[in-house]
Amino acid sequence: MSATIIDGKAFAAKVREKVATHVTRLKADHGIVPGLAVILVGEDPASEVYVRNKGKQTLAAGMNSFEHKLDAGCSQAELLEVVETLNADPAVHGILCQLPLPDHLDEEEVINAIDPAKDVDGFHISNVGLLGTGQKSMVPCTPLGCLMMLRDHHGSLSGLDAVVVGRSNIVGKPMAQLLLGDSCTVTIAHSRTKDLADVVRRADIVVAAVGRPEMVPGDWIKPGATVIDVGINRVPNGEKTRLVGDVHFDSCTEVAGAITPVPGGVGPMTIACLLANTLTACSRANGLDEPEGLTV
Ligand code: NDP
């Protein structure tokens, strides 16, 4: 059997198109332009590429993009002042602080200083609590993208066994909450899980968010299961490097019913969901209906 490839790149393009259509309507009907502000501290090349990409895609969706760059040595107070200014700015509907921050800065304090209504990353403690209690929240972009692809592939997820490998605050835990919200029977596995292979073998849905190249082999996968590979790992490839996921793609493809590739799976959905979250935040801020299908 060869798994259906879930094309995250094509799905993300559809999400971006949907966002752009709503943005055009918001402008025409209400004169409102959603705005996303990204804060970047320091000059980490990978973060700079991410931020540039986010800016480009924000503008392409017809939204305003604001970029705030601070020196790597900036103080916590300076960073918090930027957050406060953006919280108070009515043209800014979404605020994202590019992580990780330099070691001397307190990430948690910065995240929790962002107005929860503008917290398009969904990392603020209020949004974490709202998601955990099944209330309307800002949902973290990567798990939101995974859920959208799963819903699209399966229709209803109700009653399916889901195993999430990884328990980080940004992927594993919110992913598990979303699957629970869709009535899956959810197991969260991590580095201390016993007999991980057997745990994964029970799953109708496997979400791998570990950060270990090709850790999940095909013989851990139940025949016909859906495999969502969140991992992005750069590994040597001759003199160059290549990207691989947390799942061993070739062996899993032989067993799974459907699988996301790396690259071209979860990755493109993350930025698309950031745009979707910005639109959702803007709609809520203006008391307008939320666009359907772009949040949970
Ligand atoms: P973290 O390092 O924060 O978390 C990794 C999790 O994996 C931890 O819970 C850890 O367990 C668990 N883990 C580590 N080793 C094992 C093991 N041998 N067996 C079982 N579980 C293990 O990573 P993130 O959640 O931030 O990211 C995970 C991956 O997803 C990375 O490759 C990252 O690059 C990628 N990513 C991709 C995104 C995208 O847009 N596609 C966005 C965000 C992340 P424990 O808690 O016990 O240590």
Side-chain angles (χ1 to χ4, degrees), residues 5-13 15-16 38 44-47 49-54 57 96-101 107-108 111 120-123 128 131 138-150 162-179 186-203 206-217 219-221 227-235 241-249 252 259-277:
I5 307 297
I6 300 178
D7 186 346
K9 205 171 160 190
F11 201 116
V15 171
R16 289 199 307 270
V38 177
D44 173 56
S47 296
V49 171
Y50 284 134
V51 167
R52 211 175 310 133
N53 257 338
K54 284 170 186 166
Q57 295 202 25
L96 178 151
C97 183
Q98 185 68 37
L99 302 177
L101 291 173
E107 240 169 57
E108 223 165 76
I111 289 168
V120 281
D121 253 342
F123 297 161
V128 175
L131 179 64
M138 295 307 302
V139 179
C141 303
T142 300
L144 177 58
C146 296
L147 186 77
M148 282 184 187
M149 291 191 285
L150 283 167
V163 171
V164 180
V165 191
R167 56 173 163 179
S168 72
N169 290 336
I170 63 168
V171 188
K173 284 181 197 155
M175 187 73 244
Q177 295 287 5
L178 289 172
L179 292 165
V186 182
T187 303
I188 307 179
H190 45 77
S191 67
R192 310 292 171 90
T193 297
K194 288 183 192 153
D195 304 323
L196 183 60
D198 287 340
V199 172
V200 173
R201 252 179 229 123
R202 293 202 301 261
V206 180
V207 181
V210 185
R212 291 184 182 263
E214 302 179 313
M215 192 192 90
V216 178
D219 66 0
W220 289 16
I221 302 298
V227 178
I228 304 289
D229 191 353
V230 180
I232 301 179
N233 308 290
R234 200 164 274 286
V235 296
T241 60
R242 68 189 177 105
L243 286 185
V244 297
D246 290 342
V247 157
H248 188 268
F249 185 79
C252 287
I259 189 166
T260 59
V262 176
V266 175
M269 284 300 285
T270 297
I271 297 190
C273 286
L274 175 66
L275 304 180
N277 275 352

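Atoms within a ligand are numbered from 1 in the order they appear, just like the ligands themselves.
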* To do: Pull out every atom of ligand 1 sitting under 4.0 Å from any heavy atom of Gly211, numbered as shown with elements.
  => 28 (C), 29 (C), 31 (C), 32 (O)

* **Asn169, Leu99, Leu96 screened by side-chain contact (heavy atoms from CB on, under 4.5 Å) with Phe123, the one that passes** => Leu99

* Asked: Which of the atoms of ligand 1 are close to Gly166, meaning less than 4.0 Å from one of its heavy atoms?
  -> 6 (C), 7 (O), 9 (O)

* To do: Mark yes or no for whether Asn277, through its side chain, and Val139, through its backbone, hold a donor-acceptor pair below 3.5 Å.
  => yes

* Short side-chain to backbone donor-acceptor contact, Asp44 and Ser47, under 3.5 Å -> yes

* Structure fact -> Near Arg212 (heavy-atom distance under 4.0 Å), the atoms of ligand 1 are 14 (C), 15 (N), 16 (C), 18 (N)

* May I ask whether Gly267 places a heavy atom under 4.0 Å from ligand 1? => yes

* Structure fact -> Near Ile170 (heavy-atom distance under 4.0 Å), the atoms of ligand 1 are 26 (O)

* Asked: For atom 3 (O) of ligand 1, what's the nearest protein heavy atom and its distance?
  -> Ser168 CB, 3.3 Å

* **N/O donor-acceptor pair under 3.5 Å between Thr193 side chain and Leu196 backbone** => no

* **Under 4.0 Å to a heavy atom of Val230 - the qualifying atoms of ligand 1, by number** => 30 (O), 35 (C), 36 (N), 37 (C), 41 (N)

* Could you list the residues that satisfy side chain to side chain donor-acceptor pair (under 3.5 Å) with Asn53, not counting sequence neighbours? => none

* Asked: N/O of Ile232 under 3.5 Å from N/O of ligand 1, yes or no?
  -> yes

* **Inter-residue atom distance Asp229.CG - Ile259.CD1, 0.5 Å rounding** => 6.5 Å

* Which segment of Thr270 sits under 4.0 Å of ligand 1 when only heavy atoms are counted -> side chain

* Determine whether the side chain, the backbone, both or neither of Asn233 has a heavy atom under 4.0 Å from any heavy atom of ligand 1. => side chain

* Asked: Evaluating non-hydrogen atoms only, which member of Ala189, Pro140, Cys141, Ser191 is closest to atom 10 (C) of ligand 1?
  -> Ser191

* Asked: For ligand 1, which atoms, with element, lie under 4.0 Å from some heavy atom of Leu196?
  -> 19 (N), 20 (C)

* **Heavy-atom nearest option to atom 43 (C) of ligand 1, drawn from Val199, Val171, Val210** => Val171

* If you round to the nearest 0.5 Å, how far is CE of Met175 from CD1 of Ile228? -> 7.5 Å

* Structure fact -> Going by the 4.0 angstrom heavy-atom rule, the piece of Met269 near ligand 1 is neither

